[in-house]
Student: 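After the structure tokens below, expect a handful of questions from me.
Lettering of chains follows the sequences in order, A, B, ..., and the numbering in each one begins at 1.
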Protein chains: 2
Amino acid sequence: MLLSKSCVYGLRAALFLANQEHGKFIPIRQMSDKLEISFHFLTKILQQLTAEGILESFKGPNGGVRLIKRGEQIPLIDVVLAIDGSELLTECALGLPGCGVKEPCPLHDKWAEARDGIRSMLEESTLTELVQKGRDENLRLTSENGFDILFEVKEGV
Amino acid sequence: MLLSKSCVYGLRAALFLANQEHGKFIPIRQMSDKLEISFHFLTKILQQLTAEGILESFKGPNGGVRLIKRGEQIPLIDVVLAIDGSELLTECALGLPGCGVKEPCPLHDKWAEARDGIRSMLEESTLTELVQKGRDENLRLTSENGFDILFEVKEGV
DNA sequence: TGTTTATGAGAGTCTTTTATCCAAAATAGG
DNA sequence: CCTATTTTGGATAAAAGACTCTCATAAACA
Ligand code: SF4
Ligand code: SF4
């Protein structure tokens, strides 16, 4: 997989948060229920996002987790880097350790190009954009559910 | 990793073979030594390539393995598909199971574009091209060695 | 016949990823 | 102060991936 499972879960959670009222703390349990991700597992992932300065958390009743910046200002790449690191954007197509630009292997040019495509995809999309598009076109977010699961919460349906 | 390790090993072996006199059977042991891959592991991988019709094998003394087609006619994608399957070229950026084009998720368009970049990279490069480029520019093939390890064999150095 | 070399099944090890559990700390509210 | 809630962080366990090795079989050769 291009992105690790942790990373995908982190992205989904981030989309979920971007769709909430900004500044409100959302309990992880609520997210894990809605997104159908193991609570404990999601917890670990969100801890990483908190450590990386993407989320902030608050303990106790009415506590939870929220985005530090507004969804408009968070490109997907931030979440990906926080969880999967930069390997995806720097790794070698042929899996050779210790690659240096000085002695590139034959695939390097084309691979770098394809990799940049991935990078720009992640840099140019923000959480809010994705939520917006998901809402407008009623796209899917989990295998079973579409973005409606996000709105249920917000709109109290 | 974009490509599994098995796949990378398979590619390296294929490059090795493409650099040999066409039609000559090369023992797997020779390749595993040169390429610094576990003999048993490489054997498994090459069995797949044989099963997929990329290699043919010959038992007994003077036996080994060779490319069925000439290296010029083998795009990298053939090897990748034989070992890693088509998942790489069809998988979903967000890891959603059972994706249908009918209800794409928001990333779909950009992701499909990036994925096509990878696909064309693998389709447009042939084994021979890579060997050629590696030879001309003395590029690296393993972490330690460059393409010279291929020539040592051929030229009997 | 005996040696070489691939085939195919399979067991075993090691590492990374994915997932679960639990005790501790912080907070809110009664 | 007490209790329920919620994140934190450490530890553990299960699953998947990446190897390593063995063995029995088959084909080719000499
Ligand atoms: S030069 Fe080759 S080994 Fe290095 S990053 Fe590029 S593809 Fe990978
Ligand atoms: S539509 Fe979304 S879920 Fe489907 S393949 Fe594209 S990115 Fe993946």
Side-chain angles (χ1 to χ4, degrees), chain A residues 1-13 17 20 24-68 80 82-85 87-88 91 94-97, chain B residues 1-13 17 24-33 35-68 83-85 87-88 91 95 97 142-143:
Chain A
M1 285 217 311
L2 181 81
L3 304 177
S4 72
K5 218 150 185 190
S6 296
C7 189
V8 169
Y9 290 165
L11 278 171
R12 289 189 206 162
L17 289 171
Q20 301 299 123
K24 190 178 164 193
F25 284 104
I26 309 295
I28 298 177
R29 182 122 248 154
Q30 198 181 104
M31 280 191 274
S32 69
D33 285 352
K34 285 286 173 187
L35 296 173
E36 295 166 22
I37 302 171
S38 147
F39 168 72
H40 296 288
F41 194 36
L42 184 57
T43 284
K44 291 293 181 217
I45 296 166
L46 297 186
Q47 275 174 17
Q48 290 184 69
L49 293 181
T50 304
E52 295 289 330
I54 292 175
L55 303 181
E56 60 189 340
S57 63
F58 195 76
K59 293 176 182 173
N62 307 321
V65 129
R66 71 182 179 193
L67 296 172
I68 288 184
V80 172
I83 298 176
D84 276 356
E87 201 191 343
L88 170 67
E91 75 178 358
L94 292 188
L96 298 178
Chain B
M1 283 218 314
L2 183 80
L3 304 177
S4 73
K5 215 126 193 207
S6 295
C7 189
V8 169
Y9 290 165
L11 278 172
R12 290 189 204 163
L17 288 171
K24 190 178 166 194
F25 284 103
I26 310 293
I28 298 176
R29 181 122 247 154
Q30 200 181 103
M31 280 191 274
S32 69
D33 285 351
L35 296 173
E36 295 166 22
I37 303 171
S38 146
F39 168 72
H40 295 289
F41 194 34
L42 184 58
T43 286
K44 297 287 183 218
I45 296 167
L46 296 186
Q47 275 174 16
Q48 289 183 70
L49 293 181
T50 304
E52 295 289 330
I54 292 174
L55 302 182
E56 58 189 340
S57 62
F58 195 77
K59 294 173 181 174
N62 307 322
V65 128
R66 71 182 180 193
L67 296 172
I68 289 185
I83 297 175
D84 275 356
E87 201 191 344
L88 170 67
E91 77 177 357
T142 75
S143 55

Student: Where the side chain of B:Asn62 is concerned, which of D:dC29, C:dG8, C:dT20 is the nearest nucleotide?
Tutor: D:dC29

Student: Quick one: on DNA chain C, does A:Ser38 or B:Phe39 contact a more 5' nucleotide (nearest heavy atom)?
Tutor: B:Phe39

Student: Quick one: does B:Phe39's side chain get under 4.5 Å of B:Ile28's, heavy atoms only?
Tutor: yes

Student: Using whole Å, what does the distance between atom P of nucleotide D:dA18 and atom CZ of B:Arg12 come to?
Tutor: 13 Å

Student: Note the angle between the end axes of the helix from C:dT1-D:dA30 to C:dG30-D:dC1, five pairs defining each, rounded to 10 degrees.
Tutor: 0°

Student: What is the distance, to the nearest angstrom, from the CE atom on B:Met31 to the P atom on C:dT5?
Tutor: 12 Å

Student: Whole-Å distance between D:dA27 C1' and B:Glu56 CD?
Tutor: 15 Å

Student: Could you state the CD1-P distance from A:Ile45 to C:dA19, rounded to the nearest angstrom?
Tutor: 8 Å

Student: For the pair made of NZ in B:Lys59 and P in D:dA28, what is the distance, rounded to whole Å?
Tutor: 7 Å

Student: Which is more 5' along DNA chain C, the nucleotide nearest A:Phe41 or the one nearest A:Phe58? Just name the residue.
Tutor: A:Phe41

Student: Please confirm whether the shortest side-chain N or O distance from B:Tyr9 to OP1 or OP2 of D:dA18 is below 4.0 Å.
Tutor: no

Student: Grab the two heavy atoms, one from A:Leu49 and one from A:Gly10, that are nearest each other, plus how far apart they are.
Tutor: CD1-O, 4.2 Å

Student: I want to verify a distance call: between D:dT8, C:dT27, C:dC21, whose nearest atom is closest to the A:Ser57 side chain?
Tutor: D:dT8

Student: With side chains defined as the heavy atoms from C-beta onward, is the minimum distance between B:Ser6 and B:Phe41 less than 4.5 Å?
Tutor: yes

Student: Take atom CG of A:Leu17 and atom P of D:dT7, then tell me their distance rounded to the nearest Å.
Tutor: 11 Å

Student: Less than 4.5 Å apart, any side-chain heavy atom of A:Leu67 and any of A:Gln20?
Tutor: no

Student: Which nucleotide, C:dA28, C:dT4, D:dC21, lies nearest any side-chain atom of B:Pro61?
Tutor: C:dT4

Student: Considering non-hydrogen atoms only, spot the tightest contact between A:Ile54 and A:Ala82 and give its length.
Tutor: CD1-CB, 3.7 Å

Student: May I ask you to say what B:Ser6 touches in the nucleic acid, namely base, sugar-phosphate or nothing, with a heavy-atom cut-off under 4.0 Å?
Tutor: nothing

Student: I'd like to know if the side chain of A:Asp84 and the backbone of A:Ser4 have a donor-acceptor N/O pair within less than 3.5 Å.
Tutor: yes

Student: May I ask you to verify whether the side chain of B:Lys44 and the base of C:dA9 hold a donor-acceptor pair under 3.5 Å?
Tutor: yes

Student: Any base atoms under 4.0 Å from B:Ile28, or only sugar-phosphate, or nothing? Heavy atoms, all strands.
Tutor: sugar-phosphate

Student: Rounded to whole Å, how long is the line connecting atom NE2 of A:His40 with atom C1' of D:dA13?
Tutor: 13 Å

Student: Are the side chains of A:Arg66 and A:Glu56 in contact, using a 4.5 Å heavy-atom criterion?
Tutor: yes

Student: Find the distance A:Leu88:CG to C:dT17:P and express it as a whole number of Å.
Tutor: 13 Å

